[in-house]
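See below for the structure under consideration.
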There are 2 protein chains.
Amino acid sequence: MGIRPRIEVDRSSPIPLYFQVAEQIAEAIRTGELAPGDQLDSEVQIAESLGLSRPTVRQAIGHLVDRGMIVRRRGVGTQILPMPVRREMELTSLHDDLARSGRAPATDVLLLARVPAEPEAAAALGLAAGTPVTKVVRLRRSQGEPLAVMRNWLPEPVPPLTEEVLETRGLYEVLRKAGIRICVARQRIGACTADAEQAALLEERRGAALLTMERTAFDDSGRAVEFGSHIYRASRYSLEVTVTEH
Amino acid sequence: MGIRPRIEVDRSSPIPLYFQVAEQIAEAIRTGELAPGDQLDSEVQIAESLGLSRPTVRQAIGHLVDRGMIVRRRGVGTQILPMPVRREMELTSLHDDLARSGRAPATDVLLLARVPAEPEAAAALGLAAGTPVTKVVRLRRSQGEPLAVMRNWLPEPVPPLTEEVLETRGLYEVLRKAGIRICVARQRIGACTADAEQAALLEERRGAALLTMERTAFDDSGRAVEFGSHIYRASRYSLEVTVTEH
DNA sequence: GTCAACCTGTTGTCCGGACAAAGTGACCGC
DNA sequence: GCGGTCACTTTGTCCGGACAACAGGTTGAC
């Protein structure tokens, strides 16, 4: 009854089997080999055809359900959902998002210095106000146009962090390469209107709508390792979120 | 080494065991019995103490990891993360969010009618423009103050949906009771400034910052069952999102 | 004293099996 | 034809076990 995308698993690969399966199903959805509304083979059938156990296949499908790509119904089967038109918000920097969609990100580093933490940033990082932190202020452009002003605070000094690196790389990429593994982030999204300074930086009129996002990121030891306070031109940018239940 | 919150499981309950465990750990975090930074017992120890298998306990903890409440580290253990100050965005209506935090939600129903679908709504629902749909426009107040203007489109008629019901209940609650089970929603979040009409409704100045959210919701058969286009007063409302990796 | 090898504890992955719950459709009696 | 019952399929939950990968501490050699 169902459709079975061609999948191959490599048992000698260090990549977990469930992840290989999940990625290949996701790829089949992206390429259109699996269209919205299509019904997948049952978990048991997929497991048999791949020589895997049902829990492994189930774990793979579970990942895609969490990402909102497919839905399961007991007694019925597993079905492909309509693809979102645009990328979802993930734990990647704006830089990566833009680069992936081929929109030529560029960065002006306006500040990179060790400064006493402002009260707001200190509170988010769980530090006392005035504690020395690394502060970064960047203007992000896409295809030449200003897109966002991004302010970040880092509790620890990060040696590889230089103006030159930030001109071409996203902050999260640099942090990952420095061994800082961010695994959870809490974001608050709001809106405001541009004041004179913001308007000048973003080449908007005063009073233009801006999207604001504050983000506190944690590593796997539970420590806050980054706080960001960003403003985006609402006329050029919006955020995508997928929410799932159960 | 670790801390073990007091948990009891009821094997005769229809509620899945892993869910009982997850909820009780989450409750212990909320009440402060488990503080940020605390280390949980190992999965094996918890499983033994509850008379459950390790996969079941692991499934419970996995849910909390997905919700960004705790982090796991291989070879080390499982640790409680700092609590978010405010509720996260979930698949609940604004009404439920407000009611839960005790902020007296009220609703003015501005429109409830069967109308031809506007092109934007029709596209989101996967219908042809002009297809008859149920349209709802509501003004949501909190503690007397206007908070948001919410416009919703539903492809199917929902008999229990009346003005009286909407005055006291959230839309999602009504849909759930009508047997419509929403399990995935895609949201796009942006910002704009208030025009004269919006300003009058929301009791803001013209040009005030507004947060916009468009949401397409799907049921477990993969059909779009609701489209919403909402605007919030940015001065009174912001959205919370937790993002996790892996 | 220093450093490497080892040991232990923990989570990550994977297996095979079992039963329950829910949806679907066929069958049968009426 | 109609309605209810039953069987079947499929996902949901749970078990017990096994080994691998990783982090951290301990021990031992040099």
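Just so we're clear, the structure is a prediction, and the values are computed from it rather than from any experiment. Chain A is the first sequence line, chain B the second, and so forth, proteins listed ahead of strands; every chain is numbered from 1.
The side-chain contact (heavy atoms from CB on, under 4.5 Å) test applied to A:A178 returns A:V158, A:P160, not counting sequence neighbours. Every residue two or more places apart in sequence or in another chain that forms a side-chain contact (heavy atoms from CB on, under 4.5 Å) with B:E48 is listed here: B:V44. Partners of B:R74 according to the salt bridge (charged side-chain N to carboxylate O under 4.0 Å, His left out) rule, which considers only residues two or more places apart in sequence or in another chain, do not exist here. Residues that satisfy the side-chain contact (heavy atoms from CB on, under 4.5 Å) test with B:P155, not counting sequence neighbours, are B:L125, B:L127. In this structure, the side-chain hydrogen bond (donor to acceptor under 3.5 Å, both in side chains) partners of A:E27, at least two apart in sequence or on a different chain, are A:R30. Looking at residues two or more places apart in sequence or on another chain, you find a salt bridge (charged side-chain N to carboxylate O under 4.0 Å, His left out) between B:R54 and B:E43.
When rounded to the nearest whole Å, the span between CG of A:L50 and C1' of C:dC14 equals 14 Å. Between the P atom of D:dT9 and the CD1 atom of A:I46 lies a distance of 17 Å, rounded to the nearest Å. Remark: P of D:dT11 and CD of A:Q39 are 8 Å apart, rounded to the nearest angstrom. Rounded to whole Å, the distance from CD on A:Q59 to P on C:dC15 is 10 Å. Atom pair A:R58:CZ and C:dA18:P shows a separation of 18 Å (rounding to whole Å applied). At whole-Å resolution of the value, CD in A:E48 and P in D:dT10 are 11 Å apart. Rounded to an integer number of Å, the gap from A:L40 CG to D:dT11 P is 9 Å. C:dT13 atom C1' lies 11 Å from atom NE2 of A:H63, rounded to whole Å.
With C:dT10, D:dT11, D:dC15 as the candidates, the nucleotide lying closest to the side chain of B:Q45 is C:dT10. In this structure, of C:dC15, D:dG12, C:dT11, it is D:dG12 that holds the atom nearest to the side chain of A:E43.
Using a 4.0 Å cut-off between a side-chain N of Lys or Arg and a carboxylate O of Asp or Glu, A:R72 and B:D220 do not qualify as a salt bridge.
Identified under the ring-ring contact (aromatic ring centres under 6.0 Å, His included) test for residues 3-46 of chain A, with sequence neighbours left out: A:Y18-A:H63. For the salt bridge (Lys or Arg N to Asp or Glu O under 4.0 Å) condition, the pairs that include at least one residue of residues 113-133 of chain A, sequence neighbours left out, are A:E118-A:K135.
Of the side-chain N and O atoms in B:T78, none sit less than 4.0 angstrom from OP1 or OP2 of C:dT10. Look at B:R72 and you won't find any side-chain N or O under 4.0 angstrom from OP1 or OP2 of C:dT10. At the phosphate of D:dC15, OP1 or OP2 sits under 4.0 Å from a side-chain N or O atom of B:T56.
Listed by residue number, A:R11, A:P16, A:L17, A:Y18 are the residues of residues 11-24 of chain A with a heavy-atom contact under 4.0 Å to DNA chain C.
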Protein-nucleotides 19-23 of chain D N/O pairs under 3.5 Å:
from	atom 1	to	atom 2	distance (Å)
D:dA21	O4'	B:R74	NH1	2.7
D:dA21	O3'	B:R74	NH1	3.2

Using nucleotides 3-6 of chain C, report all nitrogen or oxygen pairs with the protein that are shorter than 3.5 Å.
none

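No side-chain heavy atom of B:Y172 sits under 4.5 Å from any side-chain heavy atom of B:V174.
The main-chain N or O of B:R223 is found under 3.5 Å from a side-chain atom of B:D219 such that the two form a donor-acceptor pair.
Results of the side chain to side chain donor-acceptor pair (under 3.5 Å) test with A:T107 over A:R140, A:E167, A:E163, A:R169 single out A:R140 as the only residue that passes.
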(request) Go through the steps for B:R215 and B:N152 under the test side-chain hydrogen bond (donor to acceptor under 3.5 Å, both in side chains), then give the verdict. (result) CA-CA 9 Å; B:R215 165 157 60 181; B:N152 297 87; over 6 Å; no

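Overall bending of the helix from C:dG1-D:dC30 to C:dC30-D:dG1, expressed as the angle between end axes built from five pairs apiece, is 10° (10° steps).
Of all heavy-atom pairs spanning A:A129 and A:P119, the tightest one is CB-CA, 4.2 Å.
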